[in-house]
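Heads up: the structure comes next, in structure tokens.
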Amino acid sequence: MLVPALWVALIMFVGNFSDCGMSDPMIRRPLVMSMLVGLALGDLKTGIIMGASLEVIFLGISGIGGAMPSDSMTGSIFGTAFAILNHQGVAVALSLAVPISLLAVFVNQLVIFIRGLLLSTFEKYAEEDKSKSIERLHYLSIFGGPLVYALIGFLGIYLGSGSISALVKAIPPVVMNGLTVLGQMLPALGIALLLNMIYEKGNMLYLLLGFVLSSYLKLPIIAVALIGIILAFILASIDKNILEVKNMKSPKAKTVSEDNTNNSLEEDFFND
């Protein structure tokens, strides 16, 4: 169990470091983290399946400011590792990944709290004009958090994998069936949360179209996605042509349209 624990520790380090040390290239998403775990532990198929399922679950959940509702990275890594190492089904692993992601929020808050304690030291070094000390403390702050996550990843797999396996085996069949059903329902919950954020009456027509294509015409998901991309380009082209015709008919409308566009861009900038 030493080698898998080291692999998981490395992936935990890279995932957390990408946020604070690499300007967040979005590799800490479940789709990437679970795939890396599957690749490292020799079961890439399970890693991709877990990543896609967890990505759907956490798709509609986002942090606002310093508030993090769940740590999807940690939950994805541990859930995928437990699924592969303990040879459990994906549905059971999904039901384990979600509570792990919720518990991992406390680790994230602890790391942020410890970093906050360093502010007084930064101010002290700044007043004393110790630029080298500030630089060293800055690197300590950047690498400290990922090292904490790496340690948790190592200990969680090295010490906890056997315990998780024994716990899963001790669960009664009735409860296990409930966990399996729960794991299958979680992706639907993630989609529902996302739709709740982007709900508009006009969008529901496209949702119904996707449902018909998938359920009744039995088209694969990739085909439905490609049809959606084609429709998006067609509708964007139609809107562009309508706007050009209106601008040609009325130069004044063109000026107003440009002003509205500039105002809209400014509003989007300040909203972001």
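Along the sequence shown, the residues carry numbers beginning at 1.
P30 approaches E55 most closely through the heavy-atom pair CD-OE1, 3.4 Å. Nearest heavy atoms, L118 versus S141: CD1-CB, 4.2 Å. Closest approach of A40 to I11, counting heavy atoms only: CB-CD1, 4.1 Å. Smallest separation of non-hydrogen atoms from M33 and R28: CG-O, 3.6 Å. Of all heavy-atom pairs between L41 and A81, the closest is CD1-CA, 3.9 Å. Between A83 and T46, the shortest heavy-atom distance links the atoms CB-CG2, 4.4 Å.
Under the 4.5 Å side-chain heavy-atom criterion for Ile, Leu, Val, Met, Phe, Trp and Tyr, I77 and V3 are members of the same hydrophobic cluster. L231 and L207 fall into different hydrophobic clusters, where Ile, Leu, Val, Met, Phe, Trp and Tyr are joined by side-chain heavy atoms under 4.5 Å apart, directly or via other members. Transitive grouping of hydrophobic side chains (ILVMFWY, heavy atoms separated by less than 4.5 Å) keeps V37 and L31 in distinct clusters. Note on L140 and I134: same hydrophobic cluster, where clusters join Ile, Leu, Val, Met, Phe, Trp and Tyr whose side-chain heavy atoms are under 4.5 Å apart, directly or indirectly.
Taking CG from L110 and CD1 from I114, the interatomic distance works out to 4.0 Å, rounded to the nearest 0.5 Å. The distance from the CD1 atom of I142 to the CG atom of L137 is 10.5 Å, given to the nearest 0.5 Å. Atom-to-atom distance recorded for L54:CG and T80:OG1 is 6.0 Å, nearest 0.5 angstrom.
Looking at I152 and F78, their side chains come closer than 4.5 Å, going by heavy atoms from C-beta outward. Residues L235 and Y206 have side chains in contact (heavy-atom distance under 4.5 Å, counting atoms from C-beta outward). Y149 has its side chain within reach of M73: a pair of non-hydrogen atoms, C-beta onward, lies under 4.5 Å apart. Residues L39 and M35 are not in side-chain contact: their nearest non-hydrogen atoms beyond the backbone lie 4.5 Å or more apart. Contact annotation: the side chain of F154 never approaches that of V8 to less than 4.5 Å [non-hydrogen atoms, C-beta and beyond]. Contact check for S133 versus R136: side-chain heavy atoms found under the 4.5 Å cut-off.
In this structure, the side chain to side chain contact (heavy atoms under 4.5 Å, CB included) partners of L213, at least two apart in sequence or on a different chain, are L209, L217, L219, V224, I227. Remark: P25 pairs with S18, M22, I27 by the side chain to side chain contact (heavy atoms under 4.5 Å, CB included) rule, at least two apart or across chains. Partners of F143 according to the ring-ring contact (aromatic ring centres under 6.0 Å, His included) rule, which considers only residues two or more places apart in sequence or in another chain, are F17.
At distances below 3.5 Å, at least one donor-acceptor pair connects side-chain atoms of N241 with backbone N or O atoms of S237. Judged by distance alone, with hydrogens and angles left aside, the side-chain atoms of S214 form no donor-acceptor pair with the main-chain N or O of G210 at under 3.5 Å.
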